[in-house]
Structures are given as structure tokens and as C-alpha cells.
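What you see is a predicted model; the values in this text were computed from it and never measured.
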Amino acid sequence: MRCFIAVTPPADVVSDIDRFLEPRRTATESSPWRWSRPTTYHLTLAFMADHPGHRVEELVQAINEWAGRHAPLAMSIAGAGGFRGPERAKVLYLGVPGDAAAQLGEWSGQLRALVTHHGGSPDGTGFRAHLTIARAQRAQKAGRLLQALDTYASREFVVPEVVLVESRLASRAYEVLHRAILRG
């Protein structure tokens, strides 16, 4: 099963991001950028391309235990970037500033280890706290667009949970399988 563990922003922050991005989406309608749907906004902590389906309940229990030891996190979403840099970007994202980015990085390392211990093979790439907002099939020059996106800053919000989400490639749909409340 293709799945990931993530943090999701609250509905009002999702709406705020959507309002901010609307004129940028409109201005780039004929461009190669495929914009993410607001219903899919999340910050991935651990991604598994193929987690064994028969071990999902075991993974859910382990995530619950992990969440019980971790406190909710205050964070915001601000700034923008492009993976592979502004001259060769294939992914555009909004970032996470300050200590919250470091905390999410620690969580990511812990959750990747947890997934490995419970039968999965998490993606091994380096972690950067980000919310993907657009993708292109081929590398694109995105400097001017990134300058406009870099002006975004959300309100501060508290992350009360992490979610385990199934990702279905064929339909490009996500289904939340489990919500683990942070209680630490």
C-alpha cells in the first residue's frame, strides 16, 4: 500500500493558502505547473511507496504510542522554494520557518525509524519541512514565480495530530486511515 505519515494544516489555513495561490494559478494556467488541490495539502513526515497492507494495524498502534509521547506543535507556514532550485524546479512548495521546521525534522527521523521497525521501507531522501503546491513534469525556470510565492505567511497554528494517509496514484486521491492525537 502506498501511504505516508503527515501533518495537515487546519481548514482556515488551507483556505488562506488557497486564496493566496488563486491569482498565481490563474496567471500560470497555460504553464507546465500542475497545482495541488487544497484537499491534498499536507507536510509529509514519512513516505512509504509500498507498505505491507497486512502490517497496517501494527503501524497504527506504533504511531499511537509515538504520538502519546509527543506534545502538540505550534507552527506556521511561510516562504517558498523549489526542489532542484529556482532555475530547474520540478516541485514548488511553501516552507516552515524556525524551530518548528527542526522539530518536524526530528519527528520525521523518528517516524521513518518506526516505519522501518514495523515492516515498511520509508523513502530515504533528506527531509525538508514543506507543503507541496505545484509540480511540473520537466524542470522549469521558476524564479519569478517563487519570488511571488515567497511572500506567503500563515497565522501560527497548533498541530494536534499526525495522520496516516493512503495515497492512490490512479485517482490521485488521499484517504486518511488513522489520526494519532499528540498527547506528550
Begin with the C-alpha distance, continue with both residues' side-chain angles, and end with the deciding distance and a verdict on side-chain contact (heavy atoms from CB on, under 4.5 Å) for D50 and M1. CA-CA 5 Å; D50 189 23; M1 169 180 47; 5.5 Å; no

Approximate separation, where rounding is to 0.5 Å, of L111 CG and E106 CD: 11.5 Å

Mind checking the CG-CG spacing from L131 to L43? Nearest 0.5 Å is all I need.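 With rounding to 0.5 Å, CG (L131) is 5.0 Å from CG (L43).
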
For a quick test of reading the model, state the closest non-hydrogen atom pair linking T132 to Y41 and the distance between them. O-CD2, 4.3 Å

F127 and S108: which non-hydrogen atoms are nearest, and at how many Å? CD1-OG, 3.3 Å

Who are the side chain to side chain donor-acceptor pair (under 3.5 Å) partners of [X], not counting sequence neighbours?
X: E175; value: R168
X: W33; value: none
X: R135; value: none
X: T44; value: H42

Residues two or more places apart in sequence or in another chain: which of them pass side chain to side chain contact (heavy atoms under 4.5 Å, CB included) with [X]?
X: D123; value: F47, T125
X: T116; value: P122
X: S121; value: none

Side-chain heavy atoms nearer than 4.5 Å, only ILVMFWY residues, links allowed to pass through others: does that put [X] and [Y] together?
X: L114; Y: L104; result: yes
X: W107; Y: I63; result: yes
X: M48; Y: Y174; result: no
X: F4; Y: V162; result: no

Please report, to 0.1 Å, the donor-acceptor pairs under 3.5 Å made by any side chain of residues 70-86, with sequence neighbours excluded.
from: H70; atom 1: ND1; to: W66; atom 2: O; distance (Å): 2.6
from: H70; atom 1: NE2; to: W66; atom 2: NE1; distance (Å): 3.4
from: H70; atom 1: NE2; to: Q110; atom 2: OE1; distance (Å): 2.8

Any sub-3.5 Å donor-acceptor pair from S167's side-chain atoms to C3's backbone N or O?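 Judged by distance alone, no pair lies under 3.5 Å.
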
side-chain contact (heavy atoms from CB on, under 4.5 Å), that's the test. Do W35 and T28 meet it? Break it down for me. CA-CA 10 Å; W35 293 87; T28 60; 3.1 Å; yes

Below 3.5 Å, can you tabulate the donor-acceptor pairs from side chains in residues 176-184 to any protein atom, sequence neighbours excluded?
from: H178; atom 1: NE2; to: N64; atom 2: OD1; distance (Å): 2.6
from: H178; atom 1: NE2; to: N64; atom 2: ND2; distance (Å): 3.4
from: R179; atom 1: NH1; to: E161; atom 2: OE2; distance (Å): 2.7

Let me have the donor-acceptor pairs involving side chains of residues 88-97, under 3.5 Å, with sequence neighbours excluded, atom names and distances please.
from: K90; atom 1: NZ; to: Q137; atom 2: O; distance (Å): 3.3
from: Y93; atom 1: OH; to: R128; atom 2: NH1; distance (Å): 2.7

Which pairs would a plain distance check flag for residues 10-25, meaning a side-chain donor or acceptor within less than 3.5 Å of a matching protein atom at least two apart in sequence or in another chain?
from: D12; atom 1: OD1; to: R155; atom 2: NH2; distance (Å): 2.8
from: D12; atom 1: OD2; to: R155; atom 2: NE; distance (Å): 2.6
from: D12; atom 1: OD2; to: R155; atom 2: NH2; distance (Å): 3.2
from: S15; atom 1: OG; to: A11; atom 2: O; distance (Å): 3.2
from: D16; atom 1: OD2; to: Y152; atom 2: OH; distance (Å): 2.7
from: D18; atom 1: OD1; to: R25; atom 2: NH1; distance (Å): 3.1
from: D18; atom 1: OD1; to: R25; atom 2: NH2; distance (Å): 2.5
from: E22; atom 1: OE1; to: R25; atom 2: NE; distance (Å): 3.4
from: E22; atom 1: OE1; to: R25; atom 2: NH2; distance (Å): 2.8
from: E22; atom 1: OE2; to: T26; atom 2: OG1; distance (Å): 3.0
from: R24; atom 1: NH1; to: F20; atom 2: O; distance (Å): 2.7
from: R25; atom 1: NH2; to: D18; atom 2: O; distance (Å): 3.3

Run the side-chain donor-acceptor check on residues 51-62: report pairs under 3.5 Å with partners two or more places apart or on a different chain.
from: R55; atom 1: NE; to: E58; atom 2: OE1; distance (Å): 3.0
from: R55; atom 1: NH2; to: E58; atom 2: OE1; distance (Å): 3.3
from: R55; atom 1: NH2; to: E58; atom 2: OE2; distance (Å): 2.6
from: E58; atom 1: OE2; to: H118; atom 2: ND1; distance (Å): 2.9
from: Q61; atom 1: NE2; to: E65; atom 2: OE2; distance (Å): 3.2

